[in-house]
Student: 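Would you mind keeping the following structure in view while I ask a few things?
Residue numbers start from 1 in every chain, and the chains themselves are labelled A, B, ... in the order their sequence lines are given, proteins ahead of strands.
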Amino acid sequence: MEVKNMALSEQRMRVYPYYGILALLALVGLVAIGVRLAEGMRVTALSSPMAWGMWVAFYIYFIGLSAGSFLLSTLIYVFGMHQYEKVGRMALLSALFALVAGMLFVWIDLGHPWRFWKVFTRWNYTSVLAWEVLAYLFYIATLGIELWALMRCDLAHLALTVSGWRGKLYRFLTFGFRCPESEAAYRRCHAQSMRVVRILGIIGIPVAIMVHGGTGAIFAVVAAKPYWYTGLFPIIFLVSALASGAALMTFLYAFFGRKDEEHLAITRGMANLMVLFLCIDLLLLTSEFLVGLYGKIPEHIRVYHAILFGPFSYTFWVGQLLVGALIPIALATLPRTRNNIFWLGLGGLSVVIGIVAVRLNLVVPAYVVPVLEGLEHAINQPRWAYTYFPSFWEWASSIGTIALVVLLFSLAFQFLPMFHEFPQRFQAASESR
Amino acid sequence: MSATALNRRTLLQRLAQFAALLFVGGGSAVRAKEPSQLDESSLPQLPPPQPDEDVLIRMMRELQRALKKPVHERRWVMVIDLRKCVGCHACTIACIAENKLPPGVVYRPVIEEEIGEYPHVTRRFLPRPCLHCDHPPCVPVCPVHATWKRPDGIVVIDYDACIGCRYCITACPYGARSFDWGEHYSDGTPRRAEYDQSPSPEYGRQWERKGTRSPIGNARKCHFCLHRIEKGMLPQCVTSCIGRATFFGDANDPDSLVSELIAKPNVMRLKEELGTEPRVYYLV
């Protein structure tokens, strides 16, 4: 007991500065969001022809991270890859918080944020965006119930054994669910929970595909933007979502996973999945680029030209290609690093960061070509500019929102039962038998 | 339209509408907004017809004729004769003055093209209002049914419904929609100028731009000066065109000037390959 307490306080010494920095950044973000709400959209650097910017890029980034993490969890709970069981709750918890982040980002991007509820009262069935909002809600409900069903036995056990505010929290989170008294009942109850988890996982698969494939379709249905208007576009969204989900799990499990004899094997498994999805992603990307560049349609090739050689081409070469794909693939495959948990985790983090560049390059370049030739000179005003670099408030609110969600996620990660524990009282009983 | 207090009857109506929406799942209840009834005595008085009268007078006469028909029988179109356009930008400016457009909101820019190399140079001008497409790409993408095509063909925006997601701006292949960023011409000066405070008369209302209130934070676009049409007046860009290069009228009226013009062989429309069926025709 003594030893355990010491370890806890030591841990506290380590995590306090981390929480402090996150809380500070989150506070800055809340102030920035407050300024944005009070001042309106003029605090952004957006213009009418470049209507969607960094907030939308982060919106699709987090929706992708969510769908990717969720689909990864179905490998375990639906497709029976139980060797990755210890990643399951992490994946679902990440999916839940990432979705909240995504919805926050699309919310602050609205010209009238307080009218968001009109999506429900004036719902327009021909709008992909309207369908997506419904999909997000259905998805978040599925996720939440699945996560609770997964944790309820552990929560009920903790509610009985832990006192103080944490005990109160666990008692609240059980929502009245009681821990079975006998071992047999406990096992039955646990099996029942896993069945519920499996069913929700099966329901969740098409929902998650609709959530992120559909988010891709928001862009893909816009015939006015040839760069988006391809059948491959929503698929690229999905594959890069799977890559980012696998990368997040690699990173989380490498640094915050259970450090036992399975640690390396699980981390490597996640890293291998990440490499697989990254390679498919690169294949699809190459196909899109080659087909697009082969034609001579100006709206098409000028967008690729901007991505490859424009003023922000570093987001492609460095962000998307190097940080988002090549470095992590190397770390996960080279003999020197692939058996080292630290390097694998770093590779995962590298993809998690690099996919931000992928998302930016999916949104912003489509806008650099004027829809009518000469329109860029016809309206000579800053809010009709064809260049975009996020404003201070866009940066501040983005970093702050991310910090806020990471902070909440970290707290949930620290206090929720992330791994299944067979209650000790039963263990003792079965040993003595 | 004043701010209505929520009495019991309206509350019940709203609840019923809400329930209907939930169960039917459509937006039909919020969609129909019939334009106001025509008051013939308020229409501008016109001189008796003459054989060589100004086309503006002729178009006004035809406009008044069309207004006497039910809305769905009118088919508003615009014709722009590029051979007559001299690139004076009077329409762009008149539109800004009429609709009290703030910085960054432009309904009718004039695109200038230079053809050839010095000294063999010629210039071409292309005014671009909203094209009021028969298959408008901006309408189906709106998540809240805040923009739709009226029975007479004008694509309108309900500023009170628009949530400002800018999907329609992205979807328009002609760049016809602007976002109202909430800026003023006198920003950065000690006092907000008077012209920055004049309310916009769009859609027959008085829209004051204050704080983050609509139309700030909304998508905005040309509406063929609907508020003027319904009072028997031509769109401001037509009235202000010094070369008489812009025409407006009812294409369902076979005797109208625009019907004559769009039957000519030298007529073209922008990006016809997209299937949007624009209602703005160019004579080239």
Student: Hey, which of B/V110, B/T92, B/T170, B/V105 has the most heavy atom pairs under 4.5 Å with chain A?
Tutor: B/T170
Student: Spell out the residues in residues 366-380 of chain A that have some non-hydrogen atom less than 4.5 Å away from a non-hydrogen atom of chain B, in order of number; otherwise answer 'none'.
Tutor: A/Y367, A/V371, A/L372, A/E373, A/G374, A/L375, A/A378, A/I379
Student: Answer with side chain, backbone, both or neither: which region of B/P137 has an atom nearer than 4.5 Å to a non-hydrogen atom of chain A?
Tutor: neither
Student: Is the closest side-chain donor-acceptor distance between A/E132 and A/Y139 under 3.5 Å?
Tutor: no
Student: For the interface with chain A, which of B/P143, B/P173, B/G175 has the highest count of heavy-atom pairs at distances below 4.5 Å?
Tutor: B/P143
Student: With chain A as the partner, which of B/A171, B/A146, B/C162, B/P103 has the greatest number of non-hydrogen pairs under 4.5 Å?
Tutor: B/C162
Student: With chain A as the partner, which of B/V106, B/L274, B/I169 has the greatest number of non-hydrogen pairs under 4.5 Å?
Tutor: B/V106
Student: May I ask you to check whether A/R383 and B/S178 show a side-chain donor-acceptor distance below 3.5 Å?
Tutor: no
Student: Just verifying a value: how many Å separate A/L65 CG and A/I355 CD1, rounded to the nearest 0.5 Å?
Tutor: 9.0 Å
Student: Does the side chain of A/R36 come under 3.5 Å of the side chain of A/S391 through a donor N or O and an acceptor N or O?
Tutor: no
Student: Could you walk me through whether B/I115 and B/R124 pass the side chain to side chain contact (heavy atoms under 4.5 Å, CB included) test, one step at a time?
Tutor: CA-CA 8 Å; B/I115 299 132; B/R124 188 162 56 192; 3.8 Å; yes
Student: Centres of the A/W52 and A/Y59 rings: under 6.0 Å?
Tutor: no
Student: Hey, does A/F219 have a side-chain heavy atom less than 4.5 Å from the side chain of A/I60?
Tutor: yes
Student: A/A224, A/P113, A/P382: which one forms the most heavy-atom pairs within less than 4.5 Å of chain B?
Tutor: A/A224
Student: Non-hydrogen atoms of chain A under 4.5 Å away: do they reach the side chain of B/R177, the backbone, both or neither?
Tutor: backbone
Student: Assess the side chains of A/T401 and A/W55: does a donor N or O sit below 3.5 Å from an acceptor N or O?
Tutor: no
Student: With a strict 4.5 Å heavy-atom criterion, list every residue of residues 208-222 of chain B that contacts chain A, or say none.
Tutor: B/T212, B/R213, B/S214, B/I216, B/G217, B/N218
Student: Determine, for A/Y227 and A/R302, whether the Lys NZ or Arg CZ falls below 6.0 Å from the six-membered ring centre while staying within 45 degrees of the axis.
Tutor: no
Student: Relative to chain B, which of A/V222, A/V56, A/V106 shows the most heavy atom pairs under 4.5 Å?
Tutor: A/V222
Student: For a quick test of reading the model, state the closest non-hydrogen atom pair linking B/L101 to B/Y185 and the distance between them.
Tutor: O-OH, 3.0 Å
Student: Are any non-hydrogen side-chain atoms of B/P102 and B/D180 less than 4.5 angstrom apart?
Tutor: yes
Student: Name the region of B/Y159, side chain, backbone, both or neither, that has any atom closer than 4.5 Å to a heavy atom of chain A.
Tutor: backbone
Student: If only side-chain N and O atoms count, and only distance matters, is there a donor-acceptor pair under 3.5 Å linking A/T315 with A/Q320?
Tutor: no
Student: Would you call the rings of B/F179 and B/W181 parallel, tilted or perpendicular, taking 30° and 60° as the class edges?
Tutor: perpendicular
Student: Can you tell me which of A/G40, A/P49, A/S47 forms the most heavy-atom pairs within a distance under 4.5 Å of chain B?
Tutor: A/S47
